[in-house]
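Here is the structure we will look at.
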Amino acid sequence: MKPKFYVTTPIYYVNGAPHIGHAYTSIAADVLARWKRLDGFDVFFLTGTDEHGQKVEKAAAAAGLDPRGFADRVAADFRDMADKMGLSHDDFIRTTETRHTATCQELWRRIADNGHIYLGHYEGFYAVRDEAFYDESELTTKPDGTRIAPSGAPVEWVREPSYFFDLSKWQDKLLRFYEENPDFIAPNSRRNEVMSFVRGGLNDLSISRTTFNWGIPVPDAPGHVMYVWLDALTNYLTATGWPDESAERWGFWPADVHLIGKDIIRFHAVYWPAFLMAAGLAPPKRVSSNGWWTVEGEKMSKSLGNVIEPRNLVATYGLDQVRYFFMREKPFGADGSMSHASLVTRINVELANDLGNLAQRSLSLIARNCEGRLPARGEATAEDTALLDAANALPGLVRDKMDRQVFHEALEDVWKVIRAANGYIDRQAPWALKKTDPARMAVVLRVLVDAMRPVAVVLQPFMPRSMANMLDQLGVPVEARDIASLAAPLADGTALPPPSGVFPRHVEEAA
RNA sequence: GGCGGCGUAGCUCAGUGGUAGAGCAGGGGAAUCAUAAUCCCUUGGUCGGUGGUUCAAAUCCGCCCGCCGCUACCA
C-alpha cells in the first residue's frame, strides 16, 4: 500500500478576486502534490474557499447579493483560477458546505467537552475589515476624531458576549511541540518569530460572534456563530471526512504540509495546533509559508494599479512558463520580485535555449541519422558515465529539496545536468562523429536521451504539459513516467516521433 | 523599546576560519548538430563601516551605519 501524503493550500477568502499570491501558493502546492504522486505516494491535495464572516456579509450587501449568492460567484472564480493554473487538486472545499458545518460543530463540541471553552464577554474596538479586536493603545486617532487600527481599518466600539478558547493555557505545550518538531514551521526565520510570539505569552481567544449571522452556528448557543478562523482552519479536517472513520479520505489526517502565505502563519502555527490538541487530535506535521512578489520593483497594490491577474500572466507567457518562473525565481519562503525582463530571461535562456534547444538538437540528430529510432546503449566512456550519473542522481536530490519546499534549489540541480548535457554534446560533437565513427555517434545520442529522461521526469510536476510533450519525443511510454520506472532502460529501437520545439522563445509583440 | 534577519561582482544570490564563487548582463574566441541556440576563456568585488580574537576572518566577538521582519508600548 502506498504511503499517504496530504498537502493543502489555504482556502481563499471570497472577499476579493484571485491574485498572484493565491496562484503562487496554489502552484507550489500542486508541484508538491504532483511530485509526491510521481514518487509513489497516495496523495490528497486540497484547495478551496473560505466564505463566512462579516466581511463577506458586507461585501455581498454592497454587491446587492445575498451572502450565499455572492460566495457562489467568487468561489466559481477561484475554481476557474485553479483550473487555469493547472492545479491537480483532489477536492475543492467550500466552508459553506454542510459537511464542513458538521465537522466544525463536532470539533467545537470536543474542545468544549475537554473543558477548553468558556462563555465570557468581550467589549472593545473592533475592525470589521480585519475581523479583529484592538486595544485602545494600538489605535490612532485621525483629525476628524475617528479611530483607526494599525492596518488602517476603521474600528467601532463593540460589546458582545463571546465564547473564549483558553489559549493562555497552551503556551508551554506549544513551545514543547515546536521544540520537539523543529521542522513544523518553515522557513526557520518564521519559526523563530512564532516561538518568540508564544514565549511572550498568549491571551485567551474570542471564538464566537453575535453581531452577524453569516457563519457556522455554535452548537447549543443560539445567536453565536463561530469565529472565522476556527471555521476556516477546520476545513483541512473536514476534507478528510472527520469524524467519520468510514470516509473515503479517512487516514489522511494529520496533514503532511499546509502551504500558506506568510500573513497567516500565526493562525496556522499557533491557534490551529492548539485547537487540535484541545480536541485530542494531532497537529499538522508542517506549516510552510511563502513570501510576497513585487512587480517591476513595486509592491502590488490596488491603489498603484499594478495588481497582476494570474490568468493574464498565463495568457501572456504560457502556463508552464509561469509555473516554472514562480518556482525558480525566488526561494519559496522569501520575498522576491518579478518583472517582464526577468520572466523573459528565464523563459528564453533556461527553457528555450538550455533545455528546449538541447532536446531539439539531440533529437533531430537521431531523426536524421538513426532512422528516427532510439539507438542502443554502448560501452560508456568516462564522460558518458559522468553525465549519466549526474542525471540519475536527480530523483534523490529533488526529493530532498521538495520535502523542504526549496523548489528553486531542486530546479538548480536539474539545470546543472542540463548545462552539463550541453557541454557534453559539444565536446562529443556527434555531427562530426557521423563521418568518422557512426557507431560512437549512436552511443552519444543514446546517452543524451538517457540523460534527458530523468530531467524530463522530475520536471513533470513543474511543467506537466511541456514535459509530457518532451517525454513523448524521448520515447518514454506514458505508463513509465514515474520515478520508479527510471530504473528500467528504454527499449532499443523505439520509434521516436519527429522532433518539434518544446519551449518557444518569448518574442516581443511588435508595437 | 525588545527579539531576529539581512547588507558579498552592474543585477539576483551561494559561500560560516585557511589566498573570493555561481547564474544573468559585459568582452574575446570556437563550433555550426540545434529554437541566431551551444561550448570555452575572460573583465569585474578594500565581502556595509570600525575595533578586536587568531598564525589566518566574508566567515568568530564588540560597537556603529543602513534595510527588513516579528513583537511590545512608556513619559
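Proteins come first, then strands; the chains are lettered A, B, ... in the order of their sequence lines, and each starts at number 1.
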* Nearest-angstrom distance, C1' atom, C11(B) to G7(B) -> 15 Å
* **Residues Asn422(A) and Arg361(A): side-chain donor-acceptor under 3.5 angstrom** => yes
* Structure fact -> Atom CG of Asp437(A) and atom C1' of C33(B) are separated, to the nearest Å, by 17 Å
* To do: May I ask you to say what Arg368(A) touches in the nucleic acid, namely base, sugar-phosphate or nothing, with a heavy-atom cut-off under 4.0 Å?
  => sugar-phosphate
* Can you figure out which of C70(B), U38(B), U32(B) approaches the side chain of Arg190(A) most closely? => C70(B)
* Will you find, in the side chains of Ser168(A) and Asn203(A), an N or O donor that is under 3.5 Å from an N or O acceptor? -> no
* Asked: Phosphate oxygens OP1/OP2 of U38(B): is one of them under 4.0 Å from a side-chain N or O of Arg427(A)?
  -> no
* **Pi-cation contact, Trp170(A) with Lys173(A) (under 6.0 Å, within 45°)** => yes
* **Sugar-phosphate only, base, or nothing, as touched by Ser364(A) at under 4.0 Å among non-hydrogen atoms** => sugar-phosphate
* Within less than 4.0 Å of OP1 or OP2 of A37(B), is there a side-chain N or O belonging to Arg505(A)? -> yes
* Residue pair Ser339(A) / Ser342(A), side-chain donor-acceptor N/O under 3.5 Å -> yes
* Under the 3.5 angstrom rule, does the side chain of Asn392(A) hit a backbone N or O of Leu388(A) as a donor-acceptor pair? -> yes
* Mark yes or no for whether Arg323(A), through its side chain, and Pro461(A), through its backbone, hold a donor-acceptor pair below 3.5 Å. => yes
* Asked: In whole Å, what separates the C1' atom of G49(B) from that of C67(B)?
  -> 15 Å
* Asked: Side chain of Phe503(A): nearest nucleotide among G4(B), U35(B), G23(B)?
  -> U35(B)
* Euclidean distance for C1', G5(B) against A20(B) (whole angstrom) -> 24 Å
* How many Å lie between CZ on Arg419(A) and C1' on U38(B), as a whole number? -> 13 Å
* **Of the listed nucleotides U35(B), A37(B), C33(B), the one nearest the side chain of Asn357(A)** => A37(B)
* Neighbour count above 12 (heavy atom, 6.0 Å) for Arg377(A) CZ -> no
* **Base paired to G21(B) (Watson-Crick or G-U; both N/O distances under 3.5 angstrom)** => C13(B)
* To do: Check the distance between U35(B)'s C1' and Glu350(A)'s CD and give it to me in whole angstrom.
  => 16 Å
* Asked: Which part of the nucleic acid, if any, lies within reach of Val194(A) when heavy atoms closer than 4.0 Å are counted: base, sugar-phosphate only, or nothing?
  -> nothing
* Asked: In the strands shown, is A75(B) matched to any nucleotide by a Watson-Crick or G-U wobble pair with both distances under 3.5 Å, and which?
  -> none
* To do: Take atom C1' in C47(B) and the same atom in U16(B), then report the distance between them in whole Å.
  => 13 Å
* **Cation-pi geometry met for Arg191(A) and Tyr178(A) (6.0 Å, 45°)** => no
* Structure fact -> When both distances are under 3.5 Å in a Watson-Crick or G-U wobble arrangement, the nucleotide paired with C3(B) is G69(B)
* **Watson-Crick or G-U wobble partner of G51(B), both distances under 3.5 Å** => C61(B)
* Asked: For the ring pair Phe332(A) and His408(A), is the centre-to-centre distance below 6.0 Å?
  -> no
* Among the nucleotides U35(B), C39(B), C24(B), which one has an atom lying closest to any side-chain atom of Asn422(A)? -> C39(B)
* Do the ring centers of Tyr324(A) and Phe462(A) come within less than 6.0 Å of each other? -> no
* Rounded to the nearest Å, what distance is computed from the CG atom of residue Asn192(A) to the C1' atom of nucleotide C68(B)? -> 15 Å
* To do: For A37(B) and U42(B), measure between their P atoms and round to the nearest Å.
  => 23 Å
* If we take the C1' atom in both U59(B) and G52(B), what is their distance in whole Å? -> 15 Å
* **Rounded distance in Å - CG (Asn348(A)) to P (A36(B))** => 11 Å
* Asked: Does the separation of the ring centres of His340(A) and Tyr317(A) fall below 6.0 angstrom?
  -> yes
* Phosphate OP1/OP2 of U38(B) contacted by Asn353(A) side-chain N/O (<4.0 Å) -> yes
* Asked: Which value, in whole Å, describes the distance between the C1' atoms of nucleotides U19(B) and U71(B)?
  -> 44 Å
* Structure fact -> In whole angstroms, the gap separating C1' of U12(B) from CH2 of Trp293(A) amounts to 12 Å
* Asked: Does G45(B) have a Watson-Crick or wobble partner in any strand here, with both distances under 3.5 angstrom, and which is it?
  -> none
* In the structure shown, which nucleotide is the Watson-Crick or G-U wobble counterpart of U38(B), with both distances under 3.5 Å? -> A30(B)
* Asked: Between Met327(A) (CE) and U12(B) (P), how many Å, whole number?
  -> 21 Å
* To do: Specify the residue among Asp335(A) and Arg328(A) whose closest nucleotide of RNA chain B lies further upstream toward the 5′ end.
  => Asp335(A)
* Asked: Which of residues 391-402 of chain A sit near RNA chain B, with a heavy atom under 4.0 Å from it?
  -> none
* Asked: Heavy atoms under 4.0 Å, any strand shown: does Asp354(A) hit a base, just sugar-phosphate, or nothing?
  -> sugar-phosphate
* Base, sugar-phosphate, or nothing for Gly423(A), non-hydrogen atoms under 4.0 angstrom? -> sugar-phosphate
* Spacing of Arg266(A) atom CZ relative to C70(B) atom P, expressed in whole Å -> 10 Å
* In whole Å, what separates the P atom of G62(B) from that of C40(B)? -> 44 Å
* 5' priority, RNA chain B, between Glu412(A) and Lys262(A) [closest heavy atom] -> Glu412(A)
* To do: Compare the minimum distances between each of U35(B), U71(B), C70(B) and the side chain of Glu193(A), then state the nucleotide with the smallest one.
  => C70(B)
* Closest to the Asp426(A) side chain: U38(B), A37(B), G23(B)? -> U38(B)
